[in-house]
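To start, the structure under review is shown below, and the notes come after it.
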Amino acid sequence: SSQSRGLFAFLLMLLEWTKPGLSNPLRPICDLRVLKHFIEEARDAEAAMLACKEGRGLAEPVTVPQTKVDFNVWERKTALEQAQEVQSGLWLLNQAIGSLRTSVTNTALHSHIDNSLRNIFSIGQVLRSLNIQEYTPPAGGVAGGEETWRVSSASELLQVHVNFLRGKVHLLLSNAPICHQGSS
């Protein structure tokens, strides 16, 4: 299918940028087209869920990251605080989408959900290439605070996924210090 050819081409691009197996550290992935690809696939998953009659409600509400961005607050955060917020949000999305996988029986939706989980992992790799630390959840998971909320439907969850990528992940990647070295 054209989707798998596109994914294969994209993975080749990603491998070219990261050069696995070489002794030098991961090359920073600063090209936002990588994120754009993940956003498009998240939108596809959301559209597929909306079109499907099955799996609308979740067995129980799940905690997801807050997607609204108050730019004044965001700009006042340190790069580390921004990175931790994005990483914890990705961790929450991974947990929530993983739990969605078990409540859906439609195989077409399974492939979209699996793709979303792979993409969250890949975004983690992109962040690692930018020297952004991985998130280690506190014992007992993420403390639900002002940066989280709960959703009870699959379509809401996938909409949060799209909006989180379009918002906070995009802001973090587009302003990554390593991508702006030497361009002053």
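If you're wondering where the values come from, they're calculated on a predicted model, not measured in any experiment.
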*Carefully, step by step, assess Val104 and Met49 under the rule side chain to side chain contact (heavy atoms under 4.5 Å, CB included).*
CA-CA 10 Å; Val104 170; Met49 184 58 73; 4.3 Å; yes
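- The shortest side-chain heavy-atom distance between Ser129 and Ile29 falls under the 4.5 Å cut-off.
- Contacts classified as salt bridge (charged side-chain N to carboxylate O under 4.0 Å, His left out) and involving residues 87-116 (residues at least two apart or in different chains) are given here: Arg101-Asp114.
- With contacts defined as side-chain heavy-atom distances shorter than 4.5 Å, the pair Thr63/Trp149 does not qualify.
- Residues satisfying the side chain to side chain contact (heavy atoms under 4.5 Å, CB included) test with Glu81, not counting sequence neighbours, are Lys77, Thr78.
- If you chain together hydrophobic residues whose side chains sit under 4.5 Å apart, Leu93 and Val162 never meet in one group.
- Closest of all the heavy-atom pairs between Val160 and Pro65 is CG1-O, 3.8 Å.
- Taking each heavy atom of Ser155 and Leu50 in turn, the nearest pair found is CB-CD2, 3.5 Å.
- Here Gln95 pairs with nothing under the side chain to side chain donor-acceptor pair (under 3.5 Å) rule; sequence neighbours left out.
- Contact annotation: the side chain of Leu127 approaches that of Leu90 to within less than 4.5 Å [non-hydrogen atoms, C-beta and beyond].
- Evaluation of the side chain to side chain contact (heavy atoms under 4.5 Å, CB included) rule for Pro61 yields Arg150, Ser152 as partners, not counting sequence neighbours.
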Please list, one pair per line, the donor and acceptor atoms closer than 3.5 Å that link side chains of residues 68-76 to other protein atoms, with sequence neighbours excluded.
from, atom 1, to, atom 2, distance (Å)
Asp70, OD1, Asn72, N, 3.0
Asp70, OD1, Val73, N, 3.4

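- Here Asn94 pairs with nothing under the side chain to side chain donor-acceptor pair (under 3.5 Å) rule; sequence neighbours left out.
- Taking 4.5 Å as the limit, every side-chain heavy atom of Gln66 sits out of range of all side-chain heavy atoms of Thr148.
- In this structure Ser99 satisfies the side chain to side chain contact (heavy atoms under 4.5 Å, CB included) test together with Val62, sequence neighbours excluded.
- In this structure, the side chain to side chain contact (heavy atoms under 4.5 Å, CB included) partners of Ala48, at least two apart in sequence or on a different chain, are Leu109, His112.
- In the hydrophobic clustering of this structure, Phe121 does not group with Ile123; members are Ile, Leu, Val, Met, Phe, Trp, Tyr whose side-chain heavy atoms approach within less than 4.5 Å, directly or through other members.
- Counting only heavy atoms from C-beta outward, the side chains of Phe164 and Leu92 never approach each other to under 4.5 Å.
- The shortest distance between side-chain heavy atoms of Gln87 and Ile132 falls below 4.5 Å.
- Residue pairs meeting the salt bridge (charged side-chain N to carboxylate O under 4.0 Å, His left out) criterion with at least one partner in residues 152-173, sequence neighbours excluded, are Glu85-Lys168, Glu147-Lys168.
- Side-chain contact between Leu130 and Cys179: present, with at least one pair of heavy atoms (C-beta onward) separated by less than 4.5 Å.
- A donor-acceptor pair under 3.5 Å is absent between the side-chain atoms of His161 and the main chain of Ser116, judged by distance alone.
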